[in-house]
Amino acid sequence: MLISYTITDSPLGRLLVAGTARGLCFVSLGDADGLLEKELSSDYPAAETVRDDVSLSAWTAALLKYLDGERVPLDLPVDVEGTPFQQSVWAELRAIPYGSTTTYGEIARKLGYGATGARAVGRACATNRVSLVIPCHRALREGGALGGFRWGLDRKARLLDQEQRAAQLTLGL
DNA sequence: GCCAGAACTCTGG
DNA sequence: CCAGAGTTCTGGC
């Protein structure tokens, strides 16, 4: 498997975007380029990763606009492996409209797992490799607490804050 | 290869 | 407050 990737600057830190011929397979935010590259290769140990700033530019531009607070639809193609359970959780996450949020428990109930599946849902979100395209930051804990976030809670808070601002602007507020 | 414990949770006793 | 329930991964044996 061949994966090309690129790294650019973004309002939330360094942004790594990686994809196969079929779609995005890895998106990550971080502070150091080297760490991001390491994350990618340890997540895809069998793949060959090559830096390619050109062919990924369209997807990268869309993500940058999004991180900049523009309300763009992130309906980019993704190419991620996952169990059926994970796929269904990710599908639910992508169905959350821009600017709104849901809870882990609600997703679990919708999928027919009752309240007990909430933890499993949280785990499925945590192992999602394309966290901006699949908006796992729109999943909160019951009671409004943010819960956890792979890239740090302040990034989660900033993403949500930005989304809510942009959504309100669109409504004419 | 198997078992225990942890991870972005929630509910009921 | 404590324990248990469903999924997946990791680490120890």
Atom-pair distance ([atom1] on [X]; [atom2] on [N]), nearest Å:
X        : N      : atom1 : atom2 : value
A:Tyr113 : C:dT8  : OH    : P     : 8 Å
A:Leu111 : B:dT9  : CG    : P     : 17 Å
A:Gln87  : C:dT7  : CD    : P     : 16 Å
A:Arg150 : C:dT8  : CZ    : C1'   : 14 Å
A:Arg119 : C:dT7  : CZ    : C1'   : 10 Å
A:Lys110 : B:dC10 : NZ    : C1'   : 17 Å
A:Leu93  : B:dT9  : CG    : P     : 14 Å
A:Arg129 : C:dC9  : CZ    : C1'   : 12 Å

Point to revise | Minimum-distance pair of heavy atoms, taken over all atoms of A:Asp53 and A:Arg51 | key: OD1-NE, 3.1 Å
Check your understanding: Considering only side-chain heavy atoms of A:Gln86, which listed nucleotide, C:dA5, C:dT7, C:dT8, is closest?
Key -> C:dT8
Practice item. Run through A:Val17, A:Val133, A:Leu132 and flag the one making a side-chain contact (heavy atoms from CB on, under 4.5 Å) with A:Leu76. Key: A:Val133
**Study point:** Given DNA chain C, 5'-ward residue of the pair A:Gly117 and A:Thr127, judged by closest heavy atom
**Key:** A:Gly117
Check your understanding: Does A:Phe85 or A:Ala115 map to a spot on DNA chain C nearer the 5' end, using the closest nucleotide for each?
Key -> A:Ala115
Review point. Does A:Thr83 place a side-chain N or O at less than 4.0 Å from the phosphate oxygens OP1/OP2 of C:dT8?
Key: yes
Review point. Within the structure, does a side-chain N or O atom of A:Arg141 lie under 4.0 Å from either OP1 or OP2 of B:dT11?
Key: no
Review point. Is there a side-chain contact between A:Tyr5 and A:Phe26 (heavy atoms, below 4.5 Å)?
Key: no
Check your understanding: NA contact type, A:Arg109, heavy-atom cut-off 4.0 Å: base, sugar-phosphate, or nothing?
Key -> sugar-phosphate
Exercise for review: Spell out, as yes or no, whether a donor-acceptor pair under 3.5 Å connects the side chain of A:Gln162 to the backbone of A:Leu159.
Suggested key: no
Check your understanding: Looking only at N and O atoms, is any donor in the side chain of A:Arg123 or the base of C:dT8 less than 3.5 Å from an acceptor on the other one?
Key -> yes
**Study point:** Salt-bridge present (A:Arg14, A:Asp9; N to O < 4.0 Å)
**Key:** yes
**Study point:** Nucleotide opposite C:dG6 in a Watson-Crick or G-U pair, distances under 3.5 Å
**Key:** none
